[in-house]
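Written out below as structure tokens is the structure these notes cover.
Atoms considered below: every heavy atom in the structure, side chains included; atoms not considered: hydrogens, waters and symmetry mates.
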Amino acid sequence: MSALAIEALLHEGKAKKVFQTNRAGVVAVQFKDDATAFNGEKFSQLGGKGLLNWEISARLFEALERQGQPSHYLGCLEPGWMAVQELEIVPLEVVLRNRAAGSLCRQLPLAPETPLQPALLDLYYKDDALGDPLLTEARLELLGLVSAAERQELERQARQVNAGLRRLLEPLAIELVDFKLEFGRNQAGQLLLADEISPDTCRLWDCSAGANPEQRILDKDRFRQDLGGVVEAYGEVLKRVQGLGAMPRNYL
Ligand code: UDP
């Protein structure tokens with residue numbers, strides 16, 4: 001097979017760019033240094049963030065795969081780039097919460113940190129212009145984005161990812177507070193885990209941090225709340241996640 005060549009830009013999102021390649025069904029994803037929050041209202045460039053999220057994501061996708069959880073991830077290209085299966089992305093944000101934080105505490109009378117067992121699973125409609133609205137059962141049905149069987153499959157996989165990630169992160173002294181997943185359909189019509197798994201999309205707390213609650217934050221909340229040390233915190237996550245195994249594989 002000839003070497004993979006990166007071709008036209010297909011899509012540019014807030015944190016990643018997606019490129020066509022010369023191989024059918026394979027696209028290349030480049031992780032950007034751009035940081036955004038509050039639906040794009042807050043914006044900054046954080047040097048090194050793209051590389052950190054790339055390697056964290058690659059390692060977590062591979063570790064989940066070893067647990068039997070498939071995803072779109074195929075392997076790494078040059079630093080900052082990965083090859084993934086081309087999917088038709090389902091415009092849903094699947095959010096799993098093990099503790100109350102963020103928007104949940106702004107919308108419901110729940111004290112921050114309240115443990116949620118079983119994990120709360122919320123679906124949001126992925127649309128920046130509409131502010132990613134929370135969906136009800138009826139609204140999800142109205143939009144017809146997924147069949148009943150796909151909905152079940154998506155929730156099954158999301159809960160499996162939650163259990164798998166918690167199992168991986170706990171020995172690294174990282175608590176998985178909440179996170180967002182996206183899914184897409186491949187050419188065979190199967191629902192596959194997509195997007196990224198990184199401190200941009202997960203709330204991660206350092207179990208070994210001191211009493212000051214701000215010190216334990218290892219994720220994008222450092223950027224959202226202007227706490228500083230964003231790249232350093234992501235670097236700490238990578239350092240611990242590197243403990244899960246060897247360098248992520250190259251896509252050949
Ligand atoms: N999240 C995300 N992208 C979004 C919205 C949320 O990655 O567009 C992640 C966020 O980082 C957190 C989890 O999903 O880990 C739950 O976010 P929440 O609904 O609490 O919203 P936020 O606090 O970010 O407003």
Side-chain angles (χ1 to χ4, degrees), residues 11 13-16 18 27 29 31 36-37 39 53-74 82 84-104 116-128 131-135 137 140 143 145-147 149-170 174-186 189-205 218-221 234 237 241 244:
H11 171 77
K14 292 196 288 275
K16 299 184 289 302
V18 182
V27 294
V29 174
F31 285 69
T36 61
N39 203 18
N53 280 353
W54 158 72
E55 191 177 336
I56 293 167
S57 256
R59 286 175 180 273
L60 290 177
F61 279 136
E62 287 192 21
L64 286 171
E65 187 184 271
R66 289 194 290 272
Q67 295 179 346
Q69 169 62 49
S71 76
H72 69 157
Y73 172 82
L74 295 170
M82 61 174 65
V84 306
Q85 272 193 55
E86 184 170 26
L87 302 179
E88 177 209 348
I89 294 292
V90 177
L92 289 176
E93 300 199 335
V94 184
V95 172
L96 267 286
R97 303 172 189 273
N98 296 305
R99 273 187 197 274
S103 70
L104 186 66
L116 304 167
Q117 225 180 1
L120 182 69
L121 190 156
D122 282 326
L123 298 178
Y124 297 80
Y125 181 53
K126 184 178 157 66
D127 186 318
D128 283 340
D132 296 341
L134 176 65
L135 291 172
E137 289 290 332
L140 182 63
L143 291 177
L145 299 171
V146 283
S147 67
E150 282 180 325
R151 163 83 190 281
Q152 261 196 351
E153 173 61 11
L154 194 141
E155 295 207 359
R156 186 192 65 77
Q157 287 198 43
R159 290 195 183 275
Q160 185 168 298
V161 171
N162 185 39
L165 284 177
R166 290 179 72 174
R167 203 164 351 126
L168 291 167
L169 296 175
E170 196 187 88
I174 296 176
E175 180 176 343
L176 181 63
V177 174
D178 61 25
F179 61 102
K180 183 260 307 186
L181 299 176
E182 294 182 27
F183 290 84
R185 295 182 193 92
N186 66 12
Q190 289 165 324
L191 266 188
L192 268 187
L193 176 62
D195 197 42
E196 66 181 274
I197 303 176
S198 76
D200 267 5
T201 60
C202 303
R203 280 198 170 88
L204 303 170
W205 288 353
L218 294 175
D219 57 66
K220 196 156 98 173
D221 274 346
Y234 285 35
V237 173
V241 167
L244 295 174

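- With sequence neighbours left out, Q117 forms a side chain to side chain donor-acceptor pair (under 3.5 Å) with no residue at all.
- Residues that satisfy the side chain to side chain contact (heavy atoms under 4.5 Å, CB included) test with A163, not counting sequence neighbours, are absent from this structure.
- With a 4.5 Å cut-off on side-chain heavy atoms, Y125 and L145 count as touching.
- The side chain to side chain donor-acceptor pair (under 3.5 Å) check on Q190 picks up N186, with sequence neighbours excluded.
- Pairs passing the salt bridge (charged side-chain N to carboxylate O under 4.0 Å, His left out) check and including a residue from residues 61-74, sequence neighbours excluded, read E65-R249.
- Using a 4.5 Å heavy-atom threshold, the side chains of N53 and Y234 count as touching.
- To the nearest 0.5 Å, atoms CE (M82) and CG (L74) are separated by 10.0 Å.
- Between E137 and R151 there is a salt bridge, since a side-chain N of the basic residue sits under 4.0 Å from a carboxylate O of the acidic one.
- The line from CG of L181 to SG of C202 is 7.5 Å long, rounded to the nearest 0.5 Å.
- In this structure, a donor-acceptor pair under 3.5 Å is absent between the side chains of N39 and D132.
- Within the 4.5 Å cutoff, no side-chain heavy atoms of E86 are placed close to those of H72.
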**Prompt:** So D195 and K180, salt bridge (charged side-chain N to carboxylate O under 4.0 Å, His left out) or not? Walk me through it.
**Reply:** CA-CA 10 Å; D195 197 42; K180 183 260 307 186; 3.1 Å; yes
**Request:** Please test L165 against I197 for side chain to side chain contact (heavy atoms under 4.5 Å, CB included), starting from the C-alpha separation and ending with a verdict.
**Result:** CA-CA 10 Å; L165 284 177; I197 303 176; 3.9 Å; yes
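- Applying the side chain to side chain contact (heavy atoms under 4.5 Å, CB included) test to S71 and every residue at least two apart in sequence or in another chain returns F61, Y73, L193.
- Of all heavy-atom pairs spanning A101 and V177, the tightest one is CB-CG1, 4.1 Å.
- Looking only at side-chain heavy atoms (C-beta outward), L87 and R185 stay at 4.5 Å or farther from each other.
- You'll find the side chain of V94 reaches within 4.5 Å of the side chain of F183, heavy atoms only.
- Within 6.0 Å of CD on Q67 lie more than 12 heavy atoms contributed by other residues, nucleotides or ligands.
- Using a cut-off of 4.0 Å between Lys/Arg side-chain N and Asp/Glu carboxylate O, D128 and K14 are scored as salt-bridged.
- Rounding to the nearest 0.5 Å places CG of L192 at 12.5 Å from CD of E88.
- Taking the salt bridge (Lys or Arg N to Asp or Glu O under 4.0 Å) definition, one finds that R99 meets it with E175, sequence neighbours left out.
- By the 4.5 Å heavy-atom criterion applied to side chains, S198 and F31 are not counted as neighbours.
- Applying the side chain to side chain donor-acceptor pair (under 3.5 Å) criterion to R203, with sequence neighbours excluded, gives D178, D221.
- For R156, the salt bridge (Lys or Arg N to Asp or Glu O under 4.0 Å) criterion is met by E153, not counting sequence neighbours.
- Across every non-hydrogen atom of A15 and E196, the tightest pair is CB-OE2, 4.0 Å.
- Note that CD of Q69 and CG of L60 are 12.5 Å apart. Values are rounded to the nearest 0.5 Å.
- Residues I56 and P199 meet the side-chain proximity criterion, which asks for heavy atoms closer than 4.5 Å.
- Shown here are the side chain to side chain contact (heavy atoms under 4.5 Å, CB included) partners of K126, two or more places apart in sequence or in another chain: P91, E93, E182.
- Atom CD of E155 has more than 12 heavy atoms from other residues, nucleotides or ligands within 6.0 Å.
- Distance check, rounded to the nearest 0.5 Å: CG of L134 to OH of Y124 gives 5.0 Å.
- Looking at residues two or more places apart in sequence or on another chain, you find no salt bridge (Lys or Arg N to Asp or Glu O under 4.0 Å) involving D219.
- R159 and P118 make their closest contact through NH1-CB, 4.4 Å (heavy atoms, listed as atom of the first residue, atom of the second, distance).
- With contacts defined as side-chain heavy-atom distances shorter than 4.5 Å, the pair Q85/V27 does not qualify.
- Residues passing the side chain to side chain contact (heavy atoms under 4.5 Å, CB included) test with L120 are R97, L104, L116, D122, sequence neighbours excluded.
- Here the CD atom belonging to E150 is positioned 10.0 Å from the CG atom belonging to L92, to the nearest 0.5 angstrom.
- Residues satisfying the side chain to side chain donor-acceptor pair (under 3.5 Å) criterion with D127, sequence neighbours excluded, are absent altogether.
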